[in-house]
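Structure, as structure tokens:
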Amino acid sequence: LLQDGMQASERKLSSFASSFSLTPIELSRIVFPRIKGMPFTSSPLFEAHDAFHEETPYLGILPLLLFLFAITRKNTKSWELVVAFFVIISILISLGDSTPFFEYALTIVPGLSLFRCPGRIFSVTSILIPLVAASGLDNLIDRTKLVGGYRAVALVASFFLVGNFLGWYFIQDLEQQLSTGFQDYFWKFGYREVQYTSVLIAASYVSLWLLSRCQRHRWIPAIMLLAVLVIDLEYGSVGMIQLNEEQPQVIPEDILEELEGYRYFDASNKEFDVVNQLRYSKMVPTAINQSASMLGANEGGVFPKSMERLHQAISKRPGELLPIASSRYVLRSDLQYEKISETIDRIRFIPVNDSRVASIPIEKIRLDEIPENAEFRYEILDEDPRHITLNVNCTTSGLVCLSDIYYPGWTCLIDGQPAPIIPLHGVFRSVKVSATAHQIEFIYNPMSFQIGTVSYTHLRAHETSLHL
């Protein structure tokens with residue numbers, strides 16, 4: 001897939017790798033989780049789309065204080081410093097191209113440019129910070145002293161440099177946000193978040209101080225710490241979760257009958273352009289459950305080259321290329337199905353005299369160039385995601401065309417004999433046939449798939465034997 005699809009993919013580009021990265025203000029939400037609002041609460045969102053929940057883990061104030069406490073003590077372990085180093089690296093990567101470090105990281109970390117949403121890398125801190133925080137709690141109870149000498153100077157200098165580095169980009173991001181009305185939003189809603197966090201920091205510090213000083217009745221500050229943590233996490237984490245009853249979309253039966261041999265296109269998300277509507281459709285489970293064919297996917301990864309090319313072409317001429325891709329209906333934002341007046345069959349025939357049409361690129365093909373052949377007959381005998389068997393009857397030689405993606409690994413048998421698959425418009429599949437009845441089979445079973453199937457089966461069998 002990488003070999004086939006990377007040429008047409010935006011991956012490996014710095015701009016793509018940095019998409020959905022954290023801004024410095026979003027990074028500050030590890031301390032002020034609701035500074036830009038929080039869904040499902042009384043605090044409205046500053047931005048319509050907020051990916052905070054899947055990018056920035058809010059652990060509470062206490063773990064952050066204990067983390068800092070742990071790495072500033074005299075008996076700090078080597079592993080704690082290593083973890084602290086990776087926390088800093090994850091912060092820098094999560095900021096994407098907001099800092100120059102990201103471009104440098106793309107050049108030294110193999111494969112990093114293949115992934116987007118670098119903000120998600122910051123989620124590793126939800127494991128690393130509590131590990132060091134637990135050690136910090138032990139140090140606090142044992143009253144371990146702060147570092148001194150050269151180490152203290154180096155630590156203070158490191159905090160100073162990192163703080164200034166992040167502070168500079170924070171100010172730049174803040175200035176950009178102020179021009180979009182963030183200042184008015186902050187004074188209306190955000191300032192309460194700063195006040196709340198200040199109270200939490202004070203309460204956490206007092207609880208930690210009492211825990212380090214009390215020799216008797218330590219259960220009192222311990223309960224105080226637990227109460228502060230529970231209140232904090234309920235407000236900043238649990239309070240943002242809302243469970244909604246699943247309401248799956250259902251394709252009406254009359255439309256489902258008309259989709260036999262055709263597809264539909266999900267354009268219900270009006271916030272997306274055509275390319276993103278094709279790439280991120282929520283109707284994929286519906287299509288699978290109702291055995292309906294649709295044009296689109298729900299995948300942010302690398303697509304086959306032909307699929308990426310088809311999507312880009314449709315985005316420029318949807319009115320002409322949706323019918324050529326055999327889409328009969330379009331699902332609009334009001335969840336109503338709009339029928340396309342003229343649609344090309346998913347399985348069709350191009351006579352040998354018109355075979356030049358097959359070589360016209362998808363970017364240039366016009367609907368009126370598709371030849372009609374009323375005498376062509378076909379029947380689908382069997383079909384699944386990796387196999388389709390057709391009976392066809394052709395009155396002349398030519399190309400039997402299938403408006404399914406051309407992709408390495410597909411093979412074809414005509415009357416049991418291997419036949420080469422010819423790209424149709426550079427993105428679909430076709431095969432040459434003579435003027436008579438034929439049985440055609442398209443089969444996807446490459447060696448890589450066989451190896452993967454055997455490996456997966458072996459691992460599942462081994463897992464089952466371990467349980468037994």
Side-chain angles (χ1 to χ4, degrees), residues 27-35 38 40-43 52-53 56-84 86-88 91 122-149 151-152 155-156 158-159 162-163 189-243:
L27 183 64
S28 70
R29 295 170 77 175
I30 61 174
V31 179
F32 309 106
R34 301 192 185 193
I35 198 168
M38 193 67 75
F40 321 130
T41 67
S42 58
S43 181
F52 167 68
H53 306 85
T56 310
Y58 181 68
L59 305 175
I61 298 298
L62 267 174
L64 296 178
L65 291 177
L66 289 172
F67 175 85
L68 294 175
F69 191 86
I71 62 176
T72 55
R73 311 311 290 177
K74 273 191 173 181
N75 65 342
T76 302
K77 306 293 191 300
S78 298
W79 71 267
E80 295 171 341
L81 295 177
V82 171
V83 169
F86 279 108
V87 168
I88 294 174
I91 290 174
F122 190 60
S123 63
V124 300
T125 61
S126 61
I127 300 173
L128 300 180
I129 289 179
L131 283 175
V132 180
S135 178
L137 184 60
D138 291 337
N139 289 326
L140 180 73
I141 294 174
D142 295 337
R143 294 188 179 184
T144 308
K145 294 183 179 180
L146 290 167
V147 296
R151 186 176 167 186
L155 197 61
V156 171
S158 299
F159 279 126
V162 173
F189 302 103
Y191 78 95
R192 293 179 296 186
E193 178 67 17
V194 176
Q195 293 175 341
Y196 167 78
T197 302
S198 301
V199 172
L200 270 180
I201 292 175
S204 301
Y205 180 82
V206 170
S207 301
L208 291 172
W209 183 84
L210 289 175
L211 185 64
S212 66
R213 295 297 175 180
C214 288
Q215 297 299 317
R216 300 174 60 187
H217 306 298
R218 275 189 168 177
W219 60 272
I220 297 177
I223 290 178
M224 290 177 60
L225 277 176
L226 184 62
V228 169
L229 185 62
V230 168
I231 293 172
D232 189 12
L233 291 180
E234 193 285 328
Y235 180 80
S237 289
V238 180
M240 71 184 185
I241 298 175
Q242 182 183 45
L243 300 178

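Given the structure is predicted, the values throughout are model-derived calculations rather than measurements.
With a 4.5 Å cut-off on side-chain heavy atoms, Val31 and Leu64 count as touching. When side chains are defined from C-beta on, Val132 does not count as touching Leu128, because their heavy atoms never get closer than 4.5 Å.
Across Ala84 and Ile71, no two heavy atoms sit closer than the pair CB-CG2, 4.1 Å. Counting all heavy atoms, side chain and backbone alike, Ser135 lies closest to Ala70 at C-CB, 4.4 Å. When all heavy atoms are compared, the tightest approach of Leu229 to Leu59 is CD1-O, 4.3 Å. Across every non-hydrogen atom of Val87 and Ile129, the tightest pair is CG2-CG1, 4.2 Å. Closest heavy-atom contact between Pro221 and Leu210: CB-CB, 3.8 Å. Across Ser204 and Leu225, no two heavy atoms sit closer than the pair O-CD2, 4.3 Å.
Between the CG atom of Leu137 and the CD1 atom of Ile141 there is a distance of 4.5 Å, given to the nearest 0.5 Å. The CG atom of Leu226 sits 9.5 Å away from the CD1 atom of Ile231 when rounded to the nearest 0.5 Å. Taken to the nearest 0.5 Å, the OG1 atom of Thr76 stands 6.5 Å off from the CG atom of Asn139. For the atom pair Phe69 CZ and Leu140 CG, the distance stands at 4.5 Å (nearest 0.5 Å). For the atom pair OG1 (Thr72) and CZ (Phe67), the distance works out to 10.0 Å, reported to the nearest 0.5 Å.
Asp232 contributes a side-chain N or O that, together with a main-chain N or O of Ile61, makes up a donor-acceptor pair within less than 3.5 Å.
The side chain to side chain contact (heavy atoms under 4.5 Å, CB included) test with Ser207 singles out one residue from Leu62, Ile223, Val228, and that residue is Val228.
Other residues, nucleotides and ligands contribute more than 12 heavy atoms inside 6.0 Å of the CH2 atom of Trp79.
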